[in-house]
Each structure stands twice: as C-alpha cells, then as structure tokens.
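Note that the coordinates shown come from a computational prediction; the quantities given were computed from them, not determined experimentally. All heavy atoms count here, side chains included; hydrogens, waters and symmetry mates do not. Chain naming here is simple, since letters A, B, ... match the order of the sequence lines and numbering starts at 1 in each.
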2 protein chains.
Amino acid sequence: MQIGQAAKASGASAKMIRHYESIGLIAPAERRDSNYRDYSSDDVARLQFVRRARDLGFPIDRIRELLALWGDRGRSSAEVKRIALDHVAELEERIAGMRDMVATLHRLADGCAGDGRPDCPIIEGLAGCRASQG
Amino acid sequence: MQIGQAAKASGASAKMIRHYESIGLIAPAERRDSNYRDYSSDDVARLQFVRRARDLGFPIDRIRELLALWGDRGRSSAEVKRIALDHVAELEERIAGMRDMVATLHRLADGCAGDGRPDCPIIEGLAGCRASQG
DNA sequence: CTGGACCTTCCCATCATGGGAGGGTCAAGG
DNA sequence: CCTTGACCCTCCCATGATGGGAAGGTCCAG
C-alpha cells in the first residue's frame, strides 16, 4: 500500500506519516524499487494507534511510550494507566487555566455595555484600571 | 528605563519585548546613543496591557486589535466586547475538546485494573480493540 | 583598566502540522 | 511511443509564543 492509501486508512496525513518516521516514532517503511514507501495492514494499525492517541491529546513522546507498551507482552497495565492518568491531570490543569481565563473575561464583559460608547471595563481591565491611552 | 527594568515592571521578558517590537505589536522603542532601548512609563503601561491580554489567552493578532481600540477615543465598547466574547467562545471550544478527551480517557482508564497484568482497555482502545501487537 | 552586569543582533529549538518547489514513477489513453 | 495526470520523493520554510545561547558593545564601580 502506498502512503496515500495508508493515510486514508489511518486518518493521518501522508505528511504526518513521513514526519513520524523521520522522528523515529514509527519504524522506517519498506520501500519499493521506485523508492515509494510500502505499508502493510500492521503498519496501518500502528498509524491508527498513533492517530487515536493524538486525538486524545497525547504528546508524541507519550505516544512513543504507549507504542512500546503496546508491543510489550510483559507490560503491566499499571504503567499504561499511569501514563493515561498523568495525561488526564495535565489536560485538567490546562482546562482549569482556560476556565480561569473565561471567568475573568466574563466578569469583565458583564460590565461592558457593548454599545457605541467607548467606555469599556474590558479595556480598563487590560489597561490596569486606566481607561484610555493617547 | 532600560529593557530589563521595563521587563520587570511589565511582567514581560526582555526577550518578549524585543519580539513584540520585531513583529510590530508595539512601536519601536526609543534608542539612546548606546543603542540601548529606552522605555517610558507609557511604554511600560502598553507592555502590561499586552501581558494581561496574553494572560487571558488572547493571541497576538487580537491583542493588536485591542491595543488599537485602547488608543482609539472613537471606539465603541461593542467592538471590544465582540473580540472578548469571540475569544471566550474559542476558549470554550478548546475546553470542550479537552473535556471530551478527559471523558474518553476516564472511560478507558476506569476499566483498567492498573496492576501487574498486561491486559489493558486503554491500550485496546487506542489499538482499535485489538489487544496486542508483536 | 578590569570585571561584571547589562545591552545589542542573529540564529536555533520547541511542538505538530501544513505548504510548496523541483523532480521522479507509473498507468491509462491518444 | 508519448503525453497527461495522479501519485510519490526529498528538502526547505512557516506557523505561535517563547526560551537559549553565541559573539560582541556599553557602562559603572572598584
């Protein structure tokens, strides 16, 4: 299978597949005489694994670990779970940060008339309680 | 004031201040004979504005618009509010995406024993319901 | 006059991804 | 046989916001 088919089948772009190979996330693909990459269904399964992990927000280095565990018959599910829960904790931290931003923005926006006048608590909030400049 | 003082006073790093200048977010600073940048307290106020907007997650291009509105006596608060609420919507979209990830991860992790055995619904989920590879 | 703390510009790295140039491969059809 | 078009290849550049560091200039205090 050529890279285009592998891309469609896995949901990763051809560009990404080459990239994953170049950074050693996946093993170099077989090559035909034409120098075209050649993918097996096992290769596609690995690419799908990577794509699903990406869809869950795992960074590449974590996916590297997960791929290794996938192929390790002697793995313990505890290792996998730890990686997953660490990632959850990081996601929740980022969510909390963004929620703080949203809360602050709502607080500022609630006091803003949103009409044709220039007076605006949002600008004032950003300016540190000085309403205008220049 | 030199860039180091301006950095401390504004909360933006000297590196960032130069960067903001290089991309035209802020006007080029005055220069002394030594070629050192020279900042006024108004400059610092602008840098603080930028930093606060960054802390609220606004991307640079939005901050560009907000800075323009800050300096525009003829602005309408509706414009500011629209930018802020657009940004809130974007944040909420990202939060929703991450919450979906967290929910999926929790669903997978809940079924995972997290012990010494290799059986792991997390790996299986990523693999598309095929438990092992290699 | 020297040391150290500051400043300058310029380049590189991050992270994951896309875009595009310049060129090779291959199958179908005139 | 040759062209056309759809693939593929590698290599470089860009994103967005930030940090790191090299090589060199400035300035003040000892």
Side-chain angles (χ1 to χ4, degrees), chain A residues 1-26 28-39 43-44 47-67 87 90-91 93-94 97-98 101, chain B residues 1-26 28-40 43-44 46-67 87 90-91 93-94 97-98 101:
Chain A
M1 188 186 322
Q2 293 189 163
I3 199 171
Q5 270 79 48
K8 269 176 209 152
S10 68
S13 71
K15 214 74 173 167
M16 275 297 90
I17 295 175
R18 291 192 199 98
H19 179 61
Y20 293 154
E21 180 182 312
S22 82
I23 63 175
L25 182 64
I26 57 173
E30 296 294 306
R31 298 291 183 127
R32 301 204 180 168
D33 289 348
S34 62
N35 199 33
Y36 284 14
R37 289 176 179 81
D38 193 15
Y39 295 90
D43 292 331
V44 170
L47 290 168
Q48 284 177 333
F49 185 101
V50 172
R51 186 192 49 75
R52 289 199 189 93
R54 287 290 307 135
D55 286 350
L56 289 176
F58 284 101
I60 295 290
D61 281 351
R62 292 289 164 175
I63 298 176
R64 217 181 283 273
E65 296 172 29
L66 291 169
L67 276 169
H87 178 51
E90 199 178 312
L91 285 172
E93 202 170 329
R94 287 199 272 156
M98 286 196 278
M101 294 177 190
Chain B
M1 185 188 324
Q2 294 189 162
I3 198 170
Q5 270 78 49
K8 268 176 210 152
S10 68
S13 70
K15 214 73 174 171
M16 275 296 92
I17 296 175
R18 292 192 199 97
H19 178 62
Y20 293 154
E21 181 182 311
S22 80
I23 62 175
L25 181 64
I26 57 174
E30 296 292 307
R31 299 291 184 128
R32 301 204 181 166
D33 289 349
S34 62
N35 198 33
Y36 284 13
R37 288 176 179 80
D38 194 14
Y39 295 89
S40 68
D43 292 330
V44 170
R46 271 182 285 270
L47 290 167
Q48 284 177 332
F49 184 100
V50 171
R51 185 191 51 74
R52 288 197 190 94
R54 287 292 306 134
D55 287 350
L56 289 176
F58 283 102
I60 297 289
D61 282 351
R62 293 289 163 173
I63 298 177
R64 218 181 282 272
E65 296 172 28
L66 290 168
L67 276 169
H87 178 51
E90 199 178 313
L91 285 171
E93 203 170 331
R94 286 199 274 156
M98 286 196 279
M101 293 176 191

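- Distances from the side chain of B:His19 to the nucleotides C:dT8, D:dA17, D:dC9 place D:dA17 closest.
- The side chain of A:Tyr36 approaches C:dG24 more closely than any other nucleotide in the set D:dC11, C:dG24, D:dA17.
- Surrounding CD of B:Gln5 are more than 12 heavy atoms belonging to other residues, nucleotides or ligands, all under 6.0 Å away.
- Looking at heavy atoms from C-beta onward, B:Pro28 lies out of side-chain contact with B:Arg37 at the 4.5 angstrom threshold.
- Summarising the geometry, the separation between NZ on A:Lys8 and C1' on D:dC8 is reported as 13 Å, rounded to the nearest angstrom.
- Residue B:Tyr20 places at least one side-chain N or O closer than 4.0 Å to OP1 or OP2 of D:dT18.
- With rounding to whole Å, B:Asp55 atom CG is found 13 Å from D:dA17 atom C1'.
- Note: CE (A:Met1) to P (D:dC7) measures 15 Å, nearest angstrom.
- Taking only side-chain atoms of A:Ser34, from C-beta outward, the nucleotide of C:dC7, D:dT10, C:dT25 with the closest atom is C:dT25.
- Between B:Tyr20 and B:Arg54, the closest side-chain pair of non-hydrogen atoms falls below 4.5 Å.
- For A:Arg18, a side-chain nitrogen or oxygen approaches OP1 or OP2 of D:dC9 to under 4.0 Å.
- Between A:Gln2 and D:dC7, a side-chain N or O to OP1/OP2 separation shorter than 4.0 Å is absent.
- For A:Ser13, the listed nucleotide lying nearest its side chain is C:dG18; candidates were D:dC8, C:dT8, C:dG18.
- In this structure, CZ on A:Arg51 lies 12.0 Å from OG on A:Ser13, to the nearest 0.5 angstrom.
- Closest approach to the A:Ile60 side chain among C:dC7, C:dA16, D:dA17 is made by C:dA16 (side chain taken as heavy atoms from C-beta onward).
- Atom P of nucleotide C:dA16 and atom CG of A:Leu56 are separated by 15 Å, given to the nearest angstrom.
- A:Asn35 has its CG atom 14 Å from the C1' atom of D:dC11, to the nearest Å.
- Between atom CG of residue B:Asp43 and atom CE of residue B:Met1 there is a gap of 8.0 Å, rounded to the nearest 0.5 Å.
- For the atom pair CG (B:Asp55) and CD (B:Gln48), the distance works out to 11.0 Å, reported to the nearest 0.5 Å.
- Among the protein residues, A:Arg54 comes within range of the sugar-phosphate backbone only, with heavy atoms under 4.0 Å from sugar or phosphate atoms but none that close to a base.
- Under 4.0 angstrom from either OP1 or OP2 of C:dT9 there lies at least one side-chain N or O belonging to B:Arg31.
- For A:Glu21 and D:dC11, the CD to P distance is 12 Å, given to the nearest whole Å.
- Side-chain proximity of A:Met16 to the nucleotides D:dT10, C:dG18, C:dT8 is greatest for C:dG18.
- The side chain of A:Lys15 approaches C:dG19 more closely than any other nucleotide in the set C:dG19, C:dT8, D:dG20.
- Summarising the geometry, the separation between CD1 on B:Ile17 and C1' on D:dA17 is reported as 15 Å, rounded to the nearest angstrom.
- Atom-to-atom, CZ of B:Arg64 to P of D:dG16 comes out at 10 Å; the value is rounded to the nearest Å.
- For D:dC9, one of the phosphate oxygens OP1 or OP2 lies less than 4.0 angstrom from a side-chain nitrogen or oxygen of A:Arg37.
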